[in-house]
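Computed from a predicted model, the values in this text were never measured in an experiment. Count residues from 1 along the sequence.
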Amino acid sequence: MSDTDTDTECSAVLDAVVVGAGFAGLYQLHRLDGLGLRVRVFEAGDDVGGTWYWNRYPGARCDIESMAYSYSFSPELEQEWQWSERYATQPELLSYIRHVVERFDLRRHITFGAAVTRALYDRHTHTWTVTTDSGEEVTARFVIMATGCLSRVSTPDLPGRDRYRGPVHHTGRWPHEPVDLTGRRVAVIGTGSSGIQLIPLVAEQAAEVTVFQRTPTFSTPARNRPLTREESDERKVGYGEFREWLRTTSVGIPRPLPVHSALEVSADEREAAYRSAWDAGVLGGIQASFTDTLTSRRANDLAAEFVRSKIRQIVHDPQTASVLCPTGFPLGTKRPCLDTDYYATFNLPHVRLVDLRKTPLVSFTERGVETTEGEYEADVVVLATGFDAMTGALRAIDVRGRDGVALRDAWAAGPRTYLGLLTAGFPNLFTVTGPLSPSVLSNMLISIEQHVEWITDCIGHLRSHALTEIDATDEAQDDWVRHVADLAAGTLYPEGASWYQGANIPGKPQVFMPYVGGIGAYREVCAAVADTGYRGFALSRLPDELPRT
Ligand code: NA7
């Protein structure tokens, strides 16, 4: 290729830019490539994988069964891939993602080590100009943000970080080279899903583990185990029906669907249902035992007390057990966790728990961290402190819409979208599993596939009708924002100070961001919108655009 060819290629308008090469971005690339579109993917990391590229801390694994948390779009792919465990580890998930990339020849479209910093819409050409941190600039008709719901890490604003002499590792940015914790004193801050997965494994290596807990978490045993060939083969017969069934459920996780209120059955029946969920090892199994766990405070208290009784049974020291028992928020309103030996880890003599609710963190010191009670020395500090969820990665990019309005400003009081797919005033900018869609309240793979397919169909529709712009109307968006808020208000979710509503980030607007109506219902709404000619969206064309055949 000559220089001139290169110039022509670089300056030509692309059909689409996809931001992110995780599960969402890769599938979006595959589908748009299938339409014959010219697509570029920009990925901040040095390889594919998104969440599974970054979160490589000890114990990182998916807490939805691998055979459900995987792509369903290719029957050949799902038949040929063999998962080795019920819940896949991060390395296995990464191998799977790499396999998909090679199998569908996706790598050639991806630029790695390129974080998108800016996206500007030109209302006259109906195109976006996208800039990366390496200064590359491209123009495309469509931008698809596949930036992930949990990708922008949150780090506590603790003074003295520079004084601390040891390494500090965030679970969401874990080093690529091995971190040897053998014989070391390790401080872990945070007890959400990441902390709960990591702490038992750190305790296996470290000489001393100090866990700093602000809010205790409701966690249940994962009951992870190797997946036998027979089990896997059995699932692969009728795999399509299994996937189809998952898509009609509320969250897309393989678990029994509740039929009774917790308040209409006897105490024995209730106990039996909770015990069966505890033994099954399924994410959210306790809350899904009854229909009203997340709508009735009384029902919720019963479920919460069951988990607390289990914690008290497992943890020998009553004082430690009491600190580990979650109180003050309804079960399920902060993300539930699945663990392997989490609570039992606190029976080990070299593991101690610090209750930050009583003695908050004050600062880093030269040798460790300090609470209001005193200093805790540590050779390594692990921050398992989570993410600026759902909007963090999007707000980090300087996105300017139709009238130069910044997305950050449009979302100043909380995210506003129509269906979680587009934001009014930001035409042709799609968000995969964006805020106000089921997203993090679902099996992400199912929600990702649904969004990618909807977006692909939408772009196909626009192209075949010679349309060059799609924008959400203010009215449709207002209605959707209200609907999502009304649904959440009918549940106990707002009572949990969770990252679902931005409570973990100081100053972030407190808006419940996921759609709680369930993926089955949500899919129907999205399908109906498309079937009725994209109701609630304004579609338009540039004057000189000709229909494609
Ligand atoms: P989470 O679930 O947000 O957990 C973060 C934990 O860190 C949680 O216990 C927080 O307490 C704690 N935290 C956060 N900031 C601080 C400060 N400043 N001081 C002390 N403790 C703090 O993140 P994860 O990475 O565990 O999981 C995120 C999702 O990834 C998970 O749900 C899966 O979907 C995958 P808090 O509860 O805010 O009081």
*Does CZ in Arg56 sit with more than 12 non-hydrogen atoms of other residues, nucleotides or ligands closer than 6.0 Å?*
yes
*Less than 4.5 Å apart, any side-chain heavy atom of Arg297 and any of Glu495?*
yes
*asked:* Would you call the rings of Phe73 and His30 parallel, tilted or perpendicular, taking 30° and 60° as the class edges?
replied: tilted
_Side-chain H-bond candidate by donor/acceptor type, Arg40 with Thr111, under 3.5 Å_ = yes
*For atom NE2 of His99, decide whether the heavy atoms of other residues, nucleotides or ligands shown that lie under 6.0 angstrom number more than 12.*
yes
*Are Arg123 and Tyr121 in a cation-pi setup, meaning NZ or CZ lies under 6.0 angstrom from the ring centre and within 45 degrees of the ring axis?*
no
*Side chains of Val39 and Leu14: does their closest heavy-atom pair fall under 4.5 Å?*
no
*Classify the side-chain pair Ser70/Arg243 by whether it contains a donor and acceptor separated by less than 3.5 Å.*
yes
*Is a side-chain donor-acceptor pair under 3.5 Å present for Thr132 with Ser134?*
yes
_Flag side-chain contact, heavy atom, 4.5 Å: Thr171 against Trp54_ = no
*salt bridge (Lys or Arg N to Asp or Glu O under 4.0 Å) partners of residues 508-532, not counting sequence neighbours, each pair once*: Asp388-Lys508
*asked:* Among Asn300, Thr491, Leu302, exactly one meets side-chain contact (heavy atoms from CB on, under 4.5 Å) together with Thr293. Which residue is that?
replied: Asn300
*asked:* With rounding to the nearest 0.5 angstrom, report the CG to CG distance, Asp15 to Leu32.
replied: 8.5 Å
Using residues 426-441 as the side-chain source, report each donor-acceptor pair under 3.5 Å to any protein atom, sequence neighbours left out, with the distance given to one decimal.
residue	atom	partner	partner atom	Å
Asn428	OD1	Ile470	N	2.8
Asn428	ND2	Arg141	O	3.3
Asn428	ND2	Thr468	O	2.9
Thr431	OG1	Gly420	O	2.8
Thr431	OG1	Leu421	O	3.4
Ser437	OG	Gly434	O	2.7
Ser439	OG	Ser437	O	3.0

*Salt-bridge test for Asp301 and Arg298: reply yes if a basic N is under 4.0 Å from a carboxylate O, no otherwise.*
no
*Do you know which of Phe537, Trp454, Tyr534 makes ring-ring contact (aromatic ring centres under 6.0 Å, His included) with His461?*
Tyr534
*For the pair Trp480 and Tyr515, evaluate ring pair (Phe, Tyr, Trp, His ring centres under 6.0 Å) and give the outcome as yes or no after the intermediate values.*
CA-CA 10 Å; Trp480 185 254; Tyr515 168 87; 5.3 Å; yes
*If you measure from the Lys or Arg side-chain nitrogens to the Asp or Glu carboxylate oxygens, is any gap between Arg400 and Asp409 under 4.0 Å?*
no
*With distance as the sole criterion, is a donor-acceptor pair present between the side chains of Tyr27 and Glu453 under 3.5 Å?*
yes
*Could you verify whether a donor N or O on one side chain and an acceptor N or O on the other, from Gln197 and Tyr57, lie under 3.5 Å apart?*
yes
*If only atom types and distance count, is the side chain of Ser66 paired as donor or acceptor with the main-chain N or O of Ala88 below 3.5 Å?*
yes
*Side-chain contact test, heavy atoms from C-beta onward, threshold under 4.5 Å: evaluate it for Glu475 versus Asp478 and give yes or no.*
no
*Side chains of Thr127 and Thr139: is there a donor and an acceptor less than 3.5 Å apart?*
no
*Inter- and intrachain pairs under salt bridge (Lys or Arg N to Asp or Glu O under 4.0 Å), touching residues 107-117, at least two apart*: Asp33-Arg108, Asp47-Arg107, Glu102-Arg107, Asp105-Arg108
*Regarding Arg395 and the six-membered ring of Trp411, is the cationic atom NZ or CZ under 6.0 Å from the ring centre and inside 45° of its axis?*
no
*Check whether any side-chain heavy atom of Val399 lies under 4.5 Å from a side-chain heavy atom of Met145, and answer yes or no.*
yes
*Would you tell me whether Thr155 and Arg161 have side-chain atoms, one donor and one acceptor, within less than 3.5 Å of each other?*
no
*Using 30° and 60° as the class limits, which term best fits the ring planes of Tyr96 and Tyr71: parallel, tilted or perpendicular?*
tilted
*Geometric cation-pi criterion, Lys334 with Phe329: 6.0 Å, 45°*: yes
